[in-house]
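Given the structure is predicted, the values throughout are model-derived calculations rather than measurements.
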Amino acid sequence: MNTLKVALLGCGNVGSQVARILLDDAADLASRSGARLELAGIAVRNVDAPRDVDLPRDLFTDDAETLVKDADIVIELMGGLEPARSLILRSIEHGASVVSGNKALLAADGPALYEKASAAGVELYYEAAVAGAIPILRPIRESLSGDRIKRVLGIVNGTTNYILDQMDTTGAAFEDALKAAQTLGYAEADPTADVEGLDAAAKGTLLASLAFHTTFPLDAVKCEGITGITSADIDAAKDTGFLIKLLAIAEKQPTKDGGEGVSVRVHPTLLPRTHPLAAVHGAFNAVFVEAENAGELMFYGQGAGGRPTASAVLGDVVSAARRMVSGGRGRTETTGKHLPVLGEESILTSYYIDIDAADQPGVLAKIAHVFADHGVSIEVMRQTMHTEDLVSIADGTASAELRIITHRGTEESLAATVEAIKDLDIVNSVTSVLRVEGV
Ligand SMILES: NC(=O)c1ccc[n+]([C@@H]2O[C@H](COP(=O)([O-])OP(=O)(O)OC[C@H]3O[C@@H](n4cnc5c(N)ncnc54)[C@H](O)[C@@H]3O)[C@@H](O)[C@H]2O)c1
Ligand SMILES: N[C@@H](CCO)C(=O)O
Ligand code: NA
């Protein structure tokens, strides 16, 4: 049996688990790959740093450049753009196949890296980069390649799903839930990428590129994180039979000339509690795919954490090894469709708007007028009195809460409607504005 040399770059949450599995499960991995997978070395910043997993000291080096020169397969789990990018390029130049979990790098620079790998006849796999352990990239790239995907809705960030779930189920404060997610190893080194939606945006572009065979640039994603979500938003959602999830939504949308384009957006989203994605708790992830012929599919599992993510990495390593043993190329990126990339102005969505208004005759009519003037139609409107104080009702100082869900409209017209409502003299405040899916 041949031996393939495997170089590991990074030994943190994920890398340490990958090293452990490579050593502990060597016999199984060899029989599935058709070659022995020899862990040749692990590149880290500090070879003497304490580690959660007990690994042979002589495997460690701080010289990643030298390590990748002799490798057949390089596993990049350092994160960040540099030196990860240069080391991946160097590995490809030396003829190694590469497995990475680095969504930030792939979303920023994927096309250039896939092209280099393709030209060199080696594989570049990254199943761990989207939704951790869940097999989602390979099913989209291979199993669904005979279908047409219309839309992908993903809970693809474990940290934010954990935070929102804690806020919803235990009433936890945002900061406490974030600290717990960091301790559990879900969060990025800088959790801003998680809570501001950037991590989900990077994953959204990778999903869109594979699903729609069109490269989707990261800077074209409309991205809003969860830092603005208050307990009032959580309570209002609960009260109306919804919950809030941070979704990455990649979809085909009609273009003005009658064709179709692709949009990607990330934002906190209200979902009915009966929606399949509403059952995704804790740091779990799920990707809901709507395809023309397959219909609706849901992929569910652990999207973060060292061991689950290591499972996806090892799956890619075995696939790359098998290719090396049997020869021939795997399926490469198919971005030849070149659909137009749509910006914010073309995105169609529904809004939930919570309005604190005076409880006077004619208030509903005034508010309904603003919607009509902006061409936005209302799907549901519900009114709740804020007071049972008969004096304030009689003298006209009572207030009412209006909860409105709109039909789908453009972001532009919905945002303008909200601004115009805020300006009405009978409106005290607009207390919550969230986008809605699944109604
Ligand atoms: N943690 C998760 O749940 C998870 C899930 C999916 C994907 N990922 C991705 O996997 C990658 C690794 O994540 P992690 O959570 O294991 O990160 P981590 O911060 O725990 O580990 C990073 C490791 O890389 C090493 N490293 C960083 N820069 C280096 C450099 N310049 N030279 C040598 N070594 C260097 C560090 O010493 C550390 O050992 C990231 O790209 C991350 O986005 C992580
Ligand atoms: N920080 C990421 C890790 C998995 O990519 C998350 O919370 O989902
Ligand atoms: Na995955």
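The CD atom of E251 sits 4.5 Å away from the OG atom of S263 when rounded to the nearest 0.5 Å. Atom OG of residue S86 and atom CG of residue L81 lie 10.0 Å apart, to the nearest 0.5 angstrom. Taken from CG in D235 to OG1 in T240, the straight-line distance is 10.0 Å, to the nearest 0.5 Å. Here the CG-CG distance, from L314 to L22, works out to 5.0 Å after rounding to the nearest 0.5 Å. Atoms CD and OG, from E123 and S118 in turn, are 9.0 Å apart once rounded to the nearest 0.5 Å. Here CG of L247 is found 6.0 Å from CD1 of I155. Values are rounded to the nearest 0.5 Å.
No side-chain heavy atom of E196 sits less than 4.5 Å from a side-chain heavy atom of C223. Annotation: side chain of S346 is not in contact with side chain of T255 (no heavy-atom distance under 4.5 Å). Put simply, the side chain of I244 reaches to within 4.5 Å of the side chain of L270, judged on heavy atoms. For the pair I249/H267, a side-chain contact is recorded, criterion being any heavy-atom separation below 4.5 Å from C-beta on. The shortest side-chain heavy-atom distance between V152 and V287 falls under the 4.5 Å cut-off. Counting heavy atoms from C-beta on, the side chains of M381 and L364 come closer than 4.5 Å. Side-chain atoms of L434 and I229, non-hydrogen and from C-beta on, do get closer than 4.5 Å to each other.
Here Y126 and Y114 bring their ring centres to under 6.0 angstrom of each other.
Judged by distance alone, with hydrogens and angles left aside, the side-chain atoms of H275 form a donor-acceptor pair with the main-chain N or O of L277 at under 3.5 Å. N102 places a side-chain N or O within 3.5 Å of a backbone atom of G80 that can act as its donor or acceptor partner. A donor-acceptor pair under 3.5 Å is absent between the side-chain atoms of D25 and the main chain of D28, judged by distance alone. The main-chain N or O of S350 is never found under 3.5 Å from a side-chain atom of T406 such that the two would form a donor-acceptor pair. Listed for the S209 side chain is no donor-acceptor partner under 3.5 Å among the backbone atoms of L206. Panel note: side chain D194, backbone E188; a donor-acceptor pair is recorded below 3.5 Å. Within the 3.5 Å criterion, the main-chain N or O of E260 finds no donor-acceptor partner in the side chain of K252.
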Next on the checklist: L9 vs I88, test: side-chain contact (heavy atoms from CB on, under 4.5 Å). Steps then yes/no.
Outcome noted: CA-CA 10 Å; L9 310 180; I88 289 177; 5.8 Å; no
Name every donor-acceptor pair, under 3.5 Å, that has one atom in a side chain of residues 415-426 and the other anywhere in the protein, sequence neighbours excluded.
residue: T417; atom: OG1; partner: S413; partner atom: O; Å: 2.5
residue: E419; atom: OE2; partner: K422; partner atom: NZ; Å: 3.3

Can you give each donor-acceptor pair under 3.5 Å made by side-chain atoms of residues 169-181, sequence neighbours left out, with the distance rounded to 0.1 Å?
residue: T169; atom: OG1; partner: D165; partner atom: O; Å: 2.7
residue: T170; atom: OG1; partner: Q166; partner atom: O; Å: 2.8
residue: T170; atom: OG1; partner: A172; partner atom: N; Å: 3.2

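Between A128 and T309 the shortest heavy-atom distance is CB-CG2, 3.7 Å. Among all heavy-atom pairs drawn from A107 and T205, the shortest one is CB-OG1, 3.5 Å. Residues A250 and A208 approach most closely at CB-CB, 3.9 Å, considering heavy atoms. The shortest non-hydrogen separation linking A357 to I367 is CB-CD1, 4.4 Å.
The side chain to side chain contact (heavy atoms under 4.5 Å, CB included) check on K337 picks up H213, T214, L339, with sequence neighbours excluded. Not counting sequence neighbours, the partners of S377 by the side chain to side chain contact (heavy atoms under 4.5 Å, CB included) test are H407. In terms of the side chain to side chain contact (heavy atoms under 4.5 Å, CB included) criterion, residue partners of D354 (sequence neighbours excluded) are, by chain and number, A236, Y352, E401, R403, T431, S432.
Heavy-atom neighbours of E412 CD from other residues, nucleotides or ligands within 6.0 Å: at or below the threshold of 12. Other residues, nucleotides and ligands place more than 12 heavy atoms under 6.0 Å from the CG atom of D239. The number of heavy atoms from other shown groups lying within 6.0 Å of CG (N46) is above 12.
Taking the charged nitrogens against the carboxylate oxygens, R435 and E411 do have a contact shorter than 4.0 Å, which makes a salt bridge. Using a 4.0 Å cut-off between charged nitrogen and carboxylate oxygen, E127 and R141 do not count as a salt-bridge pair.
Tested against C11, the residues R51, R45, Q17 include a single side chain to side chain contact (heavy atoms under 4.5 Å, CB included) partner, R51. Exactly one residue among T269, N161, D168 makes a side chain to side chain donor-acceptor pair (under 3.5 Å) with K245. That residue is N161.
A cation-pi arrangement is present between R138 and Y125, with the terminal nitrogen or guanidinium carbon under 6.0 Å from the aromatic centre and inside a 45° cone about the axis.
For the residue pair S319 and D316, no side-chain donor N or O sits within less than 3.5 Å of a side-chain acceptor on the partner.
Applying the side-chain hydrogen bond (donor to acceptor under 3.5 Å, both in side chains) test to every pair with at least one member in residues 287-307, sequence neighbours left out, gives these pairs: D147-N293, R148-E292, R151-E290.
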